[in-house]
Amino acid sequence: MKSELYYLYVEDWEDGILYEYEELVRAEKDIAAAVIRPGTAVISAHAFSGCANLTEVVFPEGLTDIENNAFENCAKLQKLTFPDSLLRIGDSAFKGCTQLAAAVLPDSMAKLGHWAFENCTNLSSARLPEMLAEMGCNAFRDCPLRDVPWKENGITYWRGTVTGADSGITEAAIRGGVQEIAARAFWRCQNLSSVVFPDSLLSIGKNAFAGCRSLTSIGLSDTVAEIGVNAFRDCPLQNVSWKENGIMYWGDKVIGADSDIQTAVIREGVKEIADSAFERCNCQSVIFPDSLIRIGDNAFCHCSELTSVAWPHNLVSIGKEAFVQCRLHSASLPDSLVSIGDYAFADNYSLGDVKLPAGLQHLGERVFDKYYCDF
């Protein structure tokens, strides 16, 4: 990322817009209208973000990419005409453009990013190309769209997948024929209390209903073969056999946990803790069953209150960054352990007493580094 000083001395400014070859890099914050010059192929991330006076943009033919957050929070932006050459709109590209009334995407479009038009609270009309290959999660969250076949009762559908839902939705009856709930589709729909799934449903994505703190009732079909990690984190579900004491199970795997869990006693019979299953939980202690074989990547990373772990006797592998930034004081690892991933115990500043098994075959990079940080 270039410094502000750099932008003071470059010369390719034109009508309040800075270009670098075929890329539009940024615009002055007080710009009111933008006619983007011919030959521009890319509008960079955050280029017009927060341009509060911008009301209209004219895009040139030949433009292919509008990157992440490019026009985020341009609150006065009212009109867009996209060129036929456009291929991709990035994540949150037009998020918070509250005066935007319509969005007609060209037939050339292949990808619409996550949250692309989220919170465009005046957006009542939108057209999507039939050949759009990828619809990001919640691309039209909280947009009051009318007369579009792919959004109904606050839920957005695309090609057999639920891709998003309005944040204020209170109940959801998913259409028949839907096979997938996309990752984060209902993320933080805090008023959602009940969901009915169709018999056609096969999978529910990672964090699909995470943060739905009113969700107590779901009708889940036996056809569901896969539930993603933390699909129902922080949901107070009742009468489901696969969630117990804040821990979510699927088959012989732990697939998630509520963020406020303090003591985790894992069921006997569990063989695996999924990647990121307890990430950023308030967990203070964990008791693993002797059936456990694998602890996944990032499984307990950033559990900053975790001080105590009862290790299982049959554990074979610990994934990379599995216990990053915990508060472990000791780690007496079992003789069965064969592999420890990179940075597995990094940034455990209180970790002093460590016992490694004689049969360990793989010790990753900087496993016990106390000065590692991943953000």
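In this chain, residues are counted from 1 in sequence order. As the structure is a prediction and not an experimental result, all values here were calculated from the model.
- Glu226 is linked by a salt bridge (Lys or Arg N to Asp or Glu O under 4.0 Å) to nothing, counting only residues two or more places apart in sequence or in another chain.
- A ring-centre distance under 6.0 Å is found for Phe140 and Trp150.
- In the hydrophobic clustering, Val104 connects to no other residue, as no ILVMFWY side-chain heavy atoms lie under 4.5 Å from its own.
- Put simply, the side chain of Lys95 does not reach to within 4.5 Å of the side chain of Asn69, judged on heavy atoms.
- In summary, the side chains of Thr223 and Ser221 do present a donor paired with an acceptor at a separation below 3.5 Å, with no hydrogens or angles considered.
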- Message: Run the side-chain contact (heavy atoms from CB on, under 4.5 Å) test on Met135 and Leu128 for me, step by step, so that the C-alpha distance in whole Å, both residues' side-chain angles and the decisive distance to 0.1 Å come before the verdict.
- Response: CA-CA 10 Å; Met135 163 91 86; Leu128 299 182; 3.2 Å; yes
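- Here Val196 is tied to no hydrophobic group at all, with no ILVMFWY side chain closer than 4.5 Å.
- More than 12 heavy atoms of other residues, nucleotides or ligands sit less than 6.0 Å from atom NE2 of His329.
- Under the 4.5 Å side-chain criterion, counting only non-hydrogen atoms from C-beta, Phe94 is in contact with Ile89.
- A distance of 11.0 Å separates CD of Glu118 from CG of Asp91, quoted to the nearest 0.5 Å.
- For Asp275 and Lys206, the salt-bridge test fails: no basic side-chain N is under 4.0 Å from an acidic carboxylate O.
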- Task: Would you sort out whether Asp107 and Arg127 count as a salt bridge (Lys or Arg N to Asp or Glu O under 4.0 Å), showing the intermediate values?
- Result: CA-CA 10 Å; Asp107 291 336; Arg127 174 195 174 275; 2.5 Å; yes
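- Side-chain contact check for Thr163 versus Cys137: every heavy-atom pair is 4.5 Å or farther apart.
- A salt bridge does not link Asp65 with Lys111: every distance from a Lys NZ or Arg NE/NH1/NH2 to an Asp or Glu carboxylate oxygen is 4.0 Å or more.
- Taking the side-chain hydrogen bond (donor to acceptor under 3.5 Å, both in side chains) definition, one finds that Asn314 meets it with nothing, sequence neighbours left out.
- When every heavy atom of Ser85 is checked against every heavy atom of Pro60, the shortest pair comes out as OG-O, 4.4 Å.
- Hydrophobic cluster membership of Val35, counting Ile, Leu, Val, Met, Phe, Trp and Tyr whose side-chain heavy atoms lie under 4.5 Å apart directly or via other members: Val58.
- Applying the salt bridge (Lys or Arg N to Asp or Glu O under 4.0 Å) rule to Lys243 yields the partners Asp258; only residues at least two apart in sequence or on another chain are considered.
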- Yes or no on side-chain contact (heavy atoms from CB on, under 4.5 Å) for Phe278 and Val254, after CA distance, side-chain angles and deciding distance? CA-CA 9 Å; Phe278 288 83; Val254 170; 3.7 Å; yes
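- The aromatic rings of Phe59 and Phe71 sit perpendicular to each other, their planes meeting at more than 60°, with 30° as the lower class boundary.
- Applying the 6.0 Å contact sphere to CG of Asn239 captures no more than 12 heavy atoms from other residues, nucleotides or ligands.
- Cation-pi geometry between Arg267 and Tyr249 is met: the NZ or CZ atom falls under 6.0 Å from the ring centre, inside 45° of the normal.
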- Query: Yes or no on side-chain contact (heavy atoms from CB on, under 4.5 Å) for Ile43 and Leu63, after CA distance, side-chain angles and deciding distance?
  - Reply: CA-CA 8 Å; Ile43 298 177; Leu63 181 72; 3.9 Å; yes
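- In plain terms, the two heavy atoms of Pro106 and Leu86 that are nearest each other are CG-CB, 4.0 Å.
- Applying the side chain to side chain contact (heavy atoms under 4.5 Å, CB included) criterion to Ala103, with sequence neighbours excluded, gives Phe117, Leu123.
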- Ile293 and Leu315: side-chain contact (heavy atoms from CB on, under 4.5 Å), yes or no, with the steps? CA-CA 4 Å; Ile293 295 172; Leu315 185 65; 5.8 Å; no
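- Counted by atom type alone, Glu72 and Ser92 present zero donor-acceptor pairs between their side chains at under 3.5 Å.
- The aromatic rings of Phe368 and Phe345 lie parallel to each other, with less than 30° between the two planes, well short of the 60° mark.
- Here Asp290 pairs with nothing under the salt bridge (Lys or Arg N to Asp or Glu O under 4.0 Å) rule; sequence neighbours left out.
- For Lys79, there are no salt bridge (Lys or Arg N to Asp or Glu O under 4.0 Å) partners, not counting sequence neighbours.
- Phe300 and Phe288 have perpendicular rings, their planes meeting at more than 60° on a 0 to 90° scale where under 30° would count as parallel.
- Under the salt bridge (Lys or Arg N to Asp or Glu O under 4.0 Å) criterion, the residue pairs touching residues 132-156 are Lys151-Asp166, Glu152-Arg175, with sequence neighbours excluded.
- Residue Trp115 belongs to a hydrophobic cluster whose other members are Trp187, with links defined by side-chain heavy atoms closer than 4.5 Å.
- Closest of all the heavy-atom pairs between Pro198 and Val178 is CG-O, 3.9 Å.
- Looking at residues two or more places apart in sequence or on another chain, you find a ring-ring contact (aromatic ring centres under 6.0 Å, His included) between Phe232 and Phe209, Trp242.
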